[in-house]
There are 2 protein chains.
Amino acid sequence: MLEAALALCREKGFAALTIEAIAERAEVSKKTIYRWWPSKGAVLLDAVSLLAGRVADFPDTGDLEDDLTAQISVIVDLLTPPDSSPVAALVTEGQRDATLGAQIRDDVVQPTIVNFDARMRSAQAAGQIPSDVDLDVAVDLFYGPVYHRLALRLGMPDQAQIRARVRHVIAGLNALG
Amino acid sequence: MLEAALALCREKGFAALTIEAIAERAEVSKKTIYRWWPSKGAVLLDAVSLLAGRVADFPDTGDLEDDLTAQISVIVDLLTPPDSSPVAALVTEGQRDATLGAQIRDDVVQPTIVNFDARMRSAQAAGQIPSDVDLDVAVDLFYGPVYHRLALRLGMPDQAQIRARVRHVIAGLNALG
DNA sequence: ACCCTGACGACACGCTACGTGTCGTTTCGT
DNA sequence: ACGAAACGACACGTAGCGTGTCGTCAGGGT
């Protein structure tokens, strides 16, 4: 069923993602889906969790700029193309459904931020960024551009654009501490 | 009708915003709404335009940090609280409806970015930021944190948090050029 | 070998919202 | 005063939701 949800989202896009369509696609009765998930969003959340393992694993090669560029590129890939990305659909669904939104934040986003913080502290230990930078500020600055462009449909950044933004943020952190 | 849409969104939240509810609230027949707007999102777009005049008017006091903090605060106010903000609802609706999303981008976002660019060039002329900064990077960095926090339900930043982010971005622009 | 349980598919149901259609009435410009 | 345009009231068919009922089928325990 989870694979059916992902496939449907990728093929027909966001709007086609209904419980009834998933049921038909998975050759399963609607009732069975409702037996296991309370809502369409919950199905999506589980489906996305299948392929979101990469996000949590934060690279640490020693080069902060490379690592952040790589990590953010993974997220951009997951959100591309926005109109048929299951992850983008999940984020949007989380806007409408407060319960689902909170679950996404707590189960997916926060663990990722924890790993981000760990990588930042590693960079601080290596003297690549000041030891007193506010990591809440840092996470907003690094990931913000992606969600800005996603929300306002400004087009997803390519590798070079991601790197340019990462470089500016690192510079800002170093300049202000 | 536009006022009814805004009021409904603020009172009952996002989910309650249906064409039928707007019609009842505005004491108007459904048919009349469909005569003037093709979709719920289009109504929202016009309604939001009523109160979005402030966004386009970019302050220029000479202090870049103050101006950006003020401008971004206006946007944060418009997006607060996320669960019942008509503007946040419009952004979300723009994710599902590609046509509406493109219209939002072209009619609302791009004009704002044009004014942002003008303010940046003013700052460049004043020597507050380097003359060769990429303004596409700048707009992502300044506005990104807001949409990052909106999309992932991390809570809207307050004035001090906005200022902290603006300061870091300005520092980054100056450090790299 | 037996049965019991739990998950399942095939329906059918009521509900809400959508988007359209019809028709008679009101409003407004000229 | 008249005609067109906009309107309200109401009905309609459709889609998707979430639930309920019932008969079937497979596995596990005894």
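Bear in mind that the values here come from a model prediction, so they are computed numbers and not experimental data.
DNA chain D lies under 4.0 Å from no heavy atom of any residue of residues 4-13 of chain A. Residues from residues 86-100 of chain B with heavy atoms under 4.0 angstrom of DNA chain C: there are none.
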Could you list the protein-to-nucleotides 3-5 of chain D atom pairs, N/O on both sides, closer than 3.5 Å?
none

Please produce a list of atom pairs where a protein N or O lies less than 3.5 Å from an N or O of nucleotides 18-20 of chain D.
unit_1	atom_1	unit_2	atom_2	d
D:dG18	OP2	A:Y34	OH	3.0
D:dG18	N7	A:K30	NZ	3.3
D:dG18	O6	A:K30	NZ	2.7
D:dG20	N7	A:K31	NZ	2.7

Could I get a table of every N or O pair under 3.5 Å where one atom is in the protein and the other is in nucleotides 24-28 of chain C?
none

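Look at A:T18 and you won't find any side-chain N or O under 4.0 angstrom from OP1 or OP2 of D:dA15. Contact annotation: B:W36 side-chain N/O to D:dC7 OP1/OP2 distance is under 4.0 Å. For the OP1/OP2 pair of D:dA6 and a distance below 4.0 Å, the side-chain nitrogens and oxygens of B:T32 include no atom meeting the criterion.
Shown here are the salt bridge (charged side-chain N to carboxylate O under 4.0 Å, His left out) partners of B:D46, two or more places apart in sequence or in another chain: there are none. Applying the salt bridge (charged side-chain N to carboxylate O under 4.0 Å, His left out) rule to A:D67 yields the partners A:R119; only residues at least two apart in sequence or on another chain are considered. Under the side-chain hydrogen bond (donor to acceptor under 3.5 Å, both in side chains) criterion, B:D77 pairs with no residue, sequence neighbours left out. Listed by chain and residue number, A:K30 satisfy the side-chain hydrogen bond (donor to acceptor under 3.5 Å, both in side chains) test with A:E20 (two or more places apart in sequence, or in another chain). Contacts of A:R96 classified as salt bridge (charged side-chain N to carboxylate O under 4.0 Å, His left out), with partners at least two apart in sequence or in another chain: A:E93.
Counting to the nearest Å, the C1' atom of D:dC7 and the CD atom of B:E24 are 18 Å from each other. Computed from coordinates, the B:I33 CD1 to C:dC18 P distance equals 9 Å when rounded to whole Å. Rounded to a whole Å, the CZ atom of B:R35 is 16 Å from the P atom of C:dG19.
Annotation for B:R25: atom CZ counts as buried by contact number, over 12 foreign heavy atoms lying within 6.0 Å.
Under the 4.5 Å side-chain contact rule for hydrophobic residues, B:I72 and A:L176 do not share a cluster.
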Which donor-acceptor pairs under 3.5 Å do the side chains of residues 102-110 of chain A make with protein atoms, sequence neighbours left out?
unit_1	atom_1	unit_2	atom_2	d
A:R105	NH1	B:R153	O	3.1

Name every donor-acceptor pair, under 3.5 Å, that has one atom in a side chain of residues 121-128 of chain B and the other anywhere in the protein, sequence neighbours excluded.
unit_1	atom_1	unit_2	atom_2	d
B:S122	OG	B:D60	OD2	3.1
B:Q124	NE2	B:P130	O	3.1
B:Q124	NE2	B:S131	O	3.4
B:Q128	NE2	B:G62	O	2.6

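B:F116 and B:F142 have perpendicular rings, their planes meeting at more than 60° on a 0 to 90° scale where under 30° would count as parallel.
Salt-bridge check for B:D66 with B:R163: passed, with a basic side-chain N closer than 4.0 Å to an acidic carboxylate O.
Remark on DNA chain C: of its neighbouring residues B:A15 and A:S29, the 5'-side contact belongs to A:S29, judged by nearest-heavy-atom nucleotide.
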